[in-house]
Amino acid sequence: MKYKEYKGLDYAAMAEEVLAFWKEKKIFEASIDSRQGKPSFTFYEGPPSANGTPGIHHVMARAVKDIFCRYKTLKGFQVKRKGGWDTHGLPVELQVEKELGITKEDIGKKITVEEYNTKCRETVMKYKDQWDELTEKMGYWVDLDHPYVTFDKEYMESLWFLLKKFHEKDLLYKGYTIQPYSPAAGTGLSSHELNQPGTYRDVKDTSITAQFKLVNNEKSLRFFDGADELFLLAWTTTPWTLAANNGLAIGEKIDYIKVKTFNPYTFVPSYVILAKDRLHYYFNNKAKDISLEDYNEGDKLIPFEVVDTFKGKELIGLDYEQLLPYVPLPKPAFTVVAGDFVTTEDGTGIVHISRTFGADDYRVSVQNDMPGVFVEDEEGNEVPIVDKQGKYVKEITDFAGMYVKNEYYGPEETPDKSLDVLIAIKLKEENRAFKVEKYEHSYPHCWRTDKPILYYPLDSWFIKTTAFKDRLVALNDTINWKPASTGTGRFGNWLANLVDWNLSRSRFWGTPLPIWVSEDRTEQKCIGSIVELKEEIERSIAAGMMEKSPYEGKDIDLHRPYVDDIVLVSESGQQMFREPDLIDVWFDSGAMPYAQWHYPFENKEVFEKSYPADFIAEGVDQTRGWFFTLHAIAGMLFDQVAFKNVIANGLVLSDVGAKMSKRLGNAVDPFTTLDKYGPDATRWYMISNANPWDNLKFNLEGIVEVQRKFFGTLQNTYSFFALYANLDGFRYEEEGISPEARTESDRWIISKLNSLMTAVDSAYEDYEPTRAARLIQDFTTDDLSNWYVRLNRKRFWRGEYNDDKKSAYRTLYACLKTIAKLASPIAPFYTEQLYNNLNGVSQNENLVSVHLTDFPIADAKLIDEDLEEQMDLAQRISSLAHSLRKKERIKVRQPLSKILLPVLNQEFKVKVQAVAPLILSEVNAKAIDYLEDASGIIVKKIKPNFRKLGKEYGAKLKTIAAKISTFGQEDIVSIEKNNGMDLHLEGEVIPLTLEDVEILSEDIPGWSVASEGNLTVALDITITEALKQEGIARDLVNRVQNMRKDMGLEVQDKIKINVEKSNDLINGALEVNKKYICQETQALSLTITDELSGGKLLEMDEHKLVVKIEA
RNA sequence: GGGCUUAUAGCUCAGCUGGUUAGAGCGCUACACUGAUAAUGUAGAGGUCCGAGGUUCGAGUCCCCGUAAGCCCA
């Protein structure tokens, strides 16, 4: 059996083969089964939605997931991973509506809810095949045969179970949110509906800048400062909300001013407060020089004087009087609070807050506990001061029954003066209006009725997440976030500013809220299982509430419309109807740890074993989505984290850093990419190029580079091994020399390899895949290929199959096999092939797949740091010598007699001596001449040790450094001899030790030198006759080798060389180096003849030579 | 508007707790090597480390204020 040899490698085709192999041998299954009984490592798959096609960023996200599942498998864990599908939600509904050419309006009219939902169910899996194909092709191992599907009855039953738990704990309650609402249509609008083109229109509304009168008390004393009355100016384009004002918001960092002026309508002298930046808008600059005394009532120009300036922060907590006191409110209403939404782009920099009619307003009111303006309706329910038709309630006595927008009136009924205008007049009369004007702005309109919408409080069900805020924060602190900043920053801040989770959605395709409420709304029932639902239906039928169950004669389906038809009976015997909302789809996905196992109805043990997750990974855009809902449900119901480690990966952008989108046409198709470059290079590129949490500027050239640089080099190295191993019949059978007894370079690469194992292991362990990939890549290209193989090539193809050769094979074999294992989580296909190519011949591991192996464990005995350091020296010295050759224009093939190397200490010399043969062969020189200190020809340089001196002397460092730089050779010698020196500086004595300075050799007089850091190298460039001849011999070897290749000879084929007699130098060179030439070229003989016919004329520098080769 | 992240060579990225010539790969140019060869080595060109302040003997690194880009929230 031979190691497989390749002529070029098609990575994509290779991946196909490996894929077929995995399938046939069921390797994925085996990777789990073989870990039976071992500790489990739990991974949760965040469910994708299959109603869209997968993109290249999914390859990224899934590569990250796959890497750690594979790694943990290698580490001996059993890693079960269930696939899943997210199936509910608005995107599905929208797609169905698009396909059917209908709108939400038509549901229940042109199409029944049942038909609609059936269509949703079909549509949501539309691209499942593509997703499965991508999963398979990219090598993402996840159980696709038993996925969880969020629309499954069992899955939804688990959701109901969880919702009931929230309900039992009194954490599920009904409140309201401020939503776009169309009074004309009598319905709320989704943000999606609001984003339809044409919704926002420019309209002219009456805007009012109102004067809110500050209460003069201890808190506000500093601002009054002599004023009788002091007003905060706040601007609104919806004056009808002023009657519902409950607070004023300012920007903490904004500068505000107090201005002495006159009210333009009542001419009353007034003090007003507004943002400094807005002064020019409210006061005419032409009036700035007019004195307040010169003002006469009715003057067009109103004088003003800025009398005070302060930061917004100082205004927080001030009390003011209610502007339109129709409905009284308790404190802390009518207080100044901070709002992060306040700007000075328009208005006064002070914003009127109405908890019932604005989303920002609602939020800031809740944060500051400010109540909103509500009244009671006939049934005793709290309602806002505008009813659902858009009319003021009776409590607003002056305007009761008026529509708040003139557009809501019928064509004949529209009053001349709109409510906004009437309010403006009222405020002007009361000296409470500072400016009234028509203002043109963009305002959303209802797409059904064309009339303006209101922001209005609508019923919503909430989960009381705020009750668990502290606990959720504390639990989050125990989670290992990658990157950490997402956990502390983005996610941490989100938790710190947590508001209750709004669960309600007014939709059709989703999990219905399992809450039934009695007619008088005093009784509630939350259903937590199918069994319970069935029992309640029975009870209801028995009580005569329903004639028959909607499920009679068919399977239970918890979707709409069936649940809507269920009328239950309350304890007191009332009818109970289901709350019409669906729940937020994020609850679906956040509940997957439980629902994927149909917990608690089935699989209790499985669930308990796999909870919480050890690891999850998704895009950072999931912070407020999946990451949060997982965390909230786990924290609130189970007092647990849902996941212990999480990678929040960044986005995949186009090569110029723009967002990829199908619309812009810059989206990269994952399938063509995988087909063209293969999955390994694609994955390796994505992981090695940048950390997954950084955004990736996706560049196909980057994949090409990875393919060439990493996979090409690795494949070359393997091919090299395979070529010679096959020739020599190496099969890893014979006992070789133990690793400890091998050559320097063998021991060095083995040491490096063992260091690599530890480093890569800890990189994976720390969830740093990029670090792991780069470590493996650097080892492969730099250490293994460019140094070890290059320097040891001859050992593989020259001479007998002896111990040294066997050692070389064993060493290279071990390196390649270990790389296969270390890299297998990232590049599962190529490494599989590499592993099986190696192990398939040697059979020294009884396994059929790299993915069934154990992660390599470093042998500390084989790590030799001194040796690694020595080799580092060898590399640096060689590199310097090469640069000298370059400078002197002497090619490497020309041997030189010696390298000169200054040695400042014996330790250094010993290290270099250990690797001297390598250096000599690398730079083609005969010897190293160590220039000892004593030789006296080395010129030294001294540098202060800034790090050490800086700590000790601080500011004096500058003068010390200046002094040191003046030192000559004698000073340096003296410091070395006396282990230091006392520096005399401005009367001070500074004891300088050897550690305080760095001494290095700089120059060797009379030689051409090269220096780098503390290394200096010189080259003896005298070329003797013997050296010259040797150079000629090497030139000939080179030419002959080329001719052999041109003739198509195999490596092991023997030849005869005939050379035509030339000048003495060349003839001599050939004679002297005959043996060498023959050995290098597999020649049986080298004959010099007087005349040679049919030979080839070779040009070697200035020499010419006729040569003929016979096979 | 708020929160978070990023900004270093033409491109993609390193640069640990602050330490004195800021690195690598790719690309470009030149030279070399040669039975791994569509590989490889050496060298060269290429940098206001996004900008302005500050702390410090010393700042790519720490602090502050900006600018630009991205994401989430509003």
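These values consider heavy atoms only, across backbone and side chains, with no hydrogens, waters or symmetry-generated copies. In what follows, chains are A, B, ... by sequence order, proteins preceding strands, each numbered from 1.
- The shortest distance between side-chain heavy atoms of A/Thr673 and A/Leu700 falls below 4.5 Å.
- Distance from the side chain of A/Asp694 is smallest for B/A14 among the nucleotides B/G70, B/A14, B/C11.
- B/C4 and B/G41 have their P atoms separated by 44 Å, with the value rounded to a whole Å.
- For B/U12, one of the phosphate oxygens OP1 or OP2 lies less than 4.0 angstrom from a side-chain nitrogen or oxygen of A/Lys697.
- A/Ile647 places its CD1 atom 21 Å from the P atom of B/C71, with the value rounded to the nearest Å.
- Pairing partner, B/A74: none, since no Watson-Crick or wobble contact has both distances short of 3.5 Å.
- Rounded to a whole angstrom, the distance from the C1' atom of B/C49 to that of B/G15 is 11 Å.
- Aromatic ring pairs are classed by plane angle as parallel below 30°, tilted from 30° to 60° and perpendicular above 60°; the pair A/Tyr830 and A/Tyr11 is tilted.
- Residue contacts for A/Phe627: at a heavy-atom cut-off of 4.0 Å it reaches no nucleic acid atom on any strand shown.
- With a cut-off of 3.5 Å on both Watson-Crick or G-U wobble distances, the partner of B/C13 is given as B/G23.
- Within the nucleic acid shown, A/Arg893 comes within 4.0 Å of sugar-phosphate atoms alone, with no base atom in reach, counting heavy atoms only.
- Of the listed nucleotides (B/G3, B/A74, B/U6), B/G3 has the atom at the smallest distance from the side chain of A/Asn493.
- Ring-plane geometry between A/Phe720 and A/Tyr724 is classed as perpendicular, the angle between the planes exceeding 60 degrees on a 0 to 90 degree scale with a lower cut at 30.
- Across B/U6, B/A36, B/A39, the shortest atom-to-atom separation from the side chain of A/Tyr724 is found for B/A36.
- When only modelled atom types and interatomic distance are considered, A/Asp361 and A/Ser354 share no side-chain donor-acceptor pair under 3.5 Å.
- B/G27 and B/C73 are spaced 41 Å apart, taking the C1' atom of each and rounding to whole Å.
- Distance, A/Glu705 CD to B/U12 P: 12 Å, rounded to whole Å.
- For A/Ser785 against B/A36, a side-chain N or O and a base N or O form a donor-acceptor pair under 3.5 Å.
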Salt bridge (Lys or Arg N to Asp or Glu O under 4.0 Å) evaluation trace for A/Asp872 with A/Arg876: CA-CA 6 Å; A/Asp872 183 56; A/Arg876 286 163 61 204; 3.7 Å; yes
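- The gap from the C1' atom of B/U29 to that of B/A45 amounts to 8 Å, rounded to the nearest Å.
- Remark: aromatic rings of A/Trp494 and A/Phe627 are distant, center separation not under 6.0 Å.
- Listed candidates were B/U5, B/G70, B/A74. Nearest to the side chain of A/Arg490 is B/G70.
- With a cut-off of 3.5 Å on both pairing distances, B/A36 has no Watson-Crick or G-U wobble partner at all.
- Considering only side-chain atoms of A/Arg790, the nucleotide from B/G41, B/G27, B/C13 that sits closest is B/G41.
- One can place CG of A/Asn1038 at 12 Å from C1' of B/U37, the figure rounded to the nearest angstrom.
- Within the nucleic acid shown, A/Ser719 has no heavy atom closer than 4.0 Å to any nucleic acid atom.
- The number of heavy-atom neighbours closer than 6.0 Å to CD of A/Gln367, taken from other residues, nucleotides and ligands shown, is above 12.
- Backbone-only engagement by A/Asp360 is indicated by non-hydrogen atom pairs under 4.0 Å involving sugar-phosphate atoms exclusively.
- Look at A/Arg793 and you'll find a side-chain N or O under 4.0 angstrom from OP1 or OP2 of B/A36.
- Nucleotide B/A43 forms a pair with B/U29, judged by Watson-Crick or G-U wobble geometry with both contacts under 3.5 Å.
- When both distances must be under 3.5 Å, the Watson-Crick or G-U wobble mate of B/U6 is B/A68.
- Atom pair A/Trp787:CH2 and B/A36:P shows a separation of 17 Å (rounding to whole Å applied).
- Rounded to whole angstrom, the span from the CZ atom of A/Arg771 across to the P atom of B/A24 amounts to 22 Å.
- Taking atom C1' on both nucleotides, B/C28 is separated from B/C11 by 12 Å, rounded to a whole Å.
- Comparing B/C13, B/U40, B/C4 by their nearest atom to the side chain of A/Asn786 picks out B/U40.
- Comparing the C1' positions of B/G18 and B/A24 gives a spacing of 23 Å, expressed to the nearest Å.
- Between the C1' atom of B/C57 and the CD1 atom of A/Ile960 lies a distance of 10 Å, rounded to the nearest Å.
- Comparing B/C73, B/A39, B/A14 by their closest approach to the side chain of A/Arg624 singles out B/C73.
- Pair check for B/C49 finds none; no Watson-Crick or G-U wobble contact set falls under 3.5 Å.
- Here the C1' atom of nucleotide B/U61 and the CZ atom of A/Arg947 are 12 Å apart, to the nearest Å.
- Taking atom P on both nucleotides, B/U61 is separated from B/A52 by 12 Å, rounded to a whole Å.
- Counting any heavy atom pair closer than 4.0 Å across all strands shown, A/Thr488 reaches no nucleic acid atom.
- Across all strands shown, nothing is found opposite B/A59 as a Watson-Crick or G-U wobble partner with both distances under 3.5 Å.
- Ring-plane geometry between A/Phe730 and A/Tyr809 is classed as parallel, the angle between the planes falling under 30 degrees on a 0 to 90 degree scale with a further cut at 60.
- Regarding A/Asn689, its CG atom lies at a distance of 5 Å from the C1' atom of B/U12, rounded to whole Å.
- Mapping A/Gly339 and A/Tyr788 onto RNA chain B via the closest heavy atom, the residue that lands nearer the 5' end is A/Gly339.
- Taking atom P in both B/C64 and B/G47, one finds a spacing of 32 Å when rounded to whole Å.
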